[in-house]
Amino acid sequence: MSCEQLLQQIKLNGTVPRHVAIIMDGNGRWARERGRPREFGHRAGMTAVRAAVEAAGDAGVEVLTLFAFSSENWHRPQGEVSALMALLELYVRKERRELKEKGVEVRAIGDLHRLGPRTRAAIQSIVDHTRGCEKMRLNLAISYGARDEIVTAARRLAERVREGTLMPGEIDEELFAGQLYFAGDPDPDLLIRTSGELRISNFMLWQLAYTEMYVSDVLWPDFGREHLYRAILDYQRRERRFGRVLAT
């Protein structure tokens, strides 16, 4: 089936995931298979980012979250980290105007204080430029780690308890979730991981409690519209129970 036919089938099925999260994996292997440095794969992955954003918007997805740079990625060689930061800045310059025209609001999620001033300013510029757009929200998880997110939320609530503005018994799931980076977003309905790896890599540990998972063997630079549509179609065939037994 063509991409257009796949999209039409998605719309006929009716149930589109509100929130899709993607662990974009395989840039390094893609480059190695071609005898090129890892930075070459990361640059090629930018094309796949554009395809995913456009395809998600066309399918009717409300929130798309991309795992762009993890807190663990800071341990990679400095040259690769610098190249990734430069690519983030390039993405902002190339895509900021078009994202706004397409109605995509961009949010940056993670410990942004670890970024250099130039990269942080570039990311803030795309956040400011697209603020208020309503067709789709694009979350860029940058310098993000889920364990750190959870610990940070716990510290915030502990501080309120220390100040006497919150009683421990008042802390419930809703209050805790409100302290997380993704507060205000629905939990992901669908998590996609490329390159065939079977792990979630410290990504959205709280939010993925009942998320449907889809693993693709395709390396991220080769992941296009068709692959995203097929993941959504697979999601549409599933029966979500959220721990319950559905009546027969």
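No side-chain donor-acceptor contact under 3.5 Å links Thr65 to the backbone of Asn139. Under a 3.5 Å cut-off, the side chain of Arg76 and the backbone N or O of Val81 do not form any donor-acceptor pair. Not one N or O on the side chain of His75 forms a donor-acceptor pair closer than 3.5 Å with the backbone of Glu72.
Atom-to-atom distance recorded for Arg97:CZ and Ile126:CD1 is 14.0 Å, nearest 0.5 angstrom. We find the CD1-CD1 distance between Ile232 and Ile10 to be 4.5 Å, quoted to the nearest 0.5 Å. The distance from the CG atom of Asp217 to the CD atom of Glu197 is 10.0 Å, given to the nearest 0.5 Å. Atom CG of Asn13 sits about 12.0 Å away from atom OH of Tyr235, to the nearest 0.5 Å. To the nearest 0.5 Å, atoms CZ (Arg38) and CD (Glu80) are separated by 4.0 Å. In this structure, the separation between CE on Met136 and CG on Leu99 is 8.0 Å, given to the nearest 0.5 Å.
Side-chain atoms of Arg96 and Tyr91, non-hydrogen and from C-beta on, never get closer than 4.5 Å to each other. For the pair Asp128 and Gln124, the minimum side-chain heavy-atom distance is below 4.5 Å. Looking only at side-chain heavy atoms (C-beta outward), Val61 and Arg18 stay at 4.5 Å or farther from each other. A heavy-atom distance below 4.5 Å is found between the side chains of Asp111 and Ser143. When side chains are defined from C-beta on, Arg137 does not count as touching His19, because their heavy atoms never get closer than 4.5 Å. Annotation: side chain of Val104 is not in contact with side chain of Lys135 (no heavy-atom distance under 4.5 Å). Contact of the Arg107 side chain with the Asp185 side chain is registered, since non-hydrogen atoms from C-beta on lie closer than 4.5 Å. Within the 4.5 Å cutoff, side-chain heavy atoms of Pro186 are placed close to those of Val63.
Taking both residues in full, the closest heavy atoms of Val92 and Ser125 are given as CG1-OG, 3.5 Å, listed atom of the first, atom of the second, then distance. Closest heavy-atom contact between Ala31 and Pro37: CB-O, 3.2 Å. Across Phe223 and Thr194, no two heavy atoms sit closer than the pair CD1-CG2, 3.6 Å. Here the closest non-hydrogen pair linking Leu228 and Ala52 is CD2-O, 3.6 Å. Closest approach of Ala59 to Leu7, counting heavy atoms only: CA-CD1, 3.7 Å. When all heavy atoms of Gln236 and Gly14 are compared, the pair lying nearest together is NE2-N, 4.1 Å.
Other residues sharing a hydrophobic cluster with Phe182 under the 4.5 Å side-chain heavy-atom criterion for ILVMFWY residues are Ile23, Phe67, Ile109, Tyr144, Ile150, Leu157, Val161, Leu166, Ile171, Leu175, Phe176, Leu180, Tyr181, Leu191, Ile200, Phe203, Met204, Leu205, Trp206, Leu208, Met213. Cluster partners of Trp30, using a side-chain heavy-atom cutoff of under 4.5 Å among ILVMFWY residues and allowing indirect links, are Phe40, Leu219.
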Pair Val20-Asp189, side chain to side chain contact (heavy atoms under 4.5 Å, CB included): steps then yes or no: CA-CA 6 Å; Val20 175; Asp189 301 294; over 6 Å; no
Steps toward side chain to side chain contact (heavy atoms under 4.5 Å, CB included) verdict (Ile123, Leu140): CA-CA 9 Å; Ile123 292 170; Leu140 298 177; 6.0 Å; no
Evaluation steps, side chain to side chain contact (heavy atoms under 4.5 Å, CB included), between Cys133 and Lys102: CA-CA 8 Å; Cys133 293; Lys102 291 182 177 295; over 6 Å; no
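Side-chain N/O atoms of Ser195 and Arg29 include a donor and acceptor closer than 3.5 Å. Side-chain N/O atoms of Thr119 and Glu89 include a donor and acceptor closer than 3.5 Å. A donor and an acceptor atom, one from each side chain of Ser71 and Arg114, are nowhere located under 3.5 Å apart. Checking Asn202 against Arg147 by side-chain atom types alone, no donor-acceptor pair falls below 3.5 Å. Of the N and O atoms on the side chains of Ser82 and Gln78, at least one donor lies less than 3.5 Å from an acceptor on the other residue. A donor atom on one side chain and an acceptor atom on the other are found under 3.5 Å apart for Ser70 and Asn73.
Placement of Met1 and Val16 within a single hydrophobic cluster is found when ILVMFWY residues are connected by side-chain heavy-atom separations under 4.5 Å, directly or transitively. Under a hydrophobic clustering in which Ile, Leu, Val, Met, Phe, Trp and Tyr are joined whenever their side-chain heavy atoms come within less than 4.5 Å, directly or via other members, Leu90 and Leu112 fall into the same cluster. Follow the hydrophobic side-chain contacts under 4.5 Å out from Val215 and you never reach Leu190; the two are in separate clusters.
Counting non-hydrogen atoms of other residues, nucleotides and ligands closer than 6.0 Å to CD of Glu134 gives a total of 12 or fewer. Other residues, nucleotides and ligands contribute only 12 or fewer heavy atoms inside 6.0 Å of the CZ atom of Arg155. Heavy-atom neighbours of Arg43 CZ from other residues, nucleotides or ligands within 6.0 Å: at or below the threshold of 12.
The pair Lys100-Glu105 does not meet the salt-bridge criterion, since no charged nitrogen lies less than 4.0 angstrom from a carboxylate oxygen. The pair Asp234-Arg230 fails the salt-bridge criterion, with no side-chain N (NZ, NE, NH1 or NH2) lying under 4.0 Å from an Asp/Glu carboxylate O. The pair Glu163-Arg160 does not count as a salt bridge, with every side-chain nitrogen at least 4.0 angstrom from each carboxylate oxygen.
Tested against Gln8 for a side-chain hydrogen bond (donor to acceptor under 3.5 Å, both in side chains), the candidates Gln5, Lys11, Glu4 yield a single pass: Glu4.
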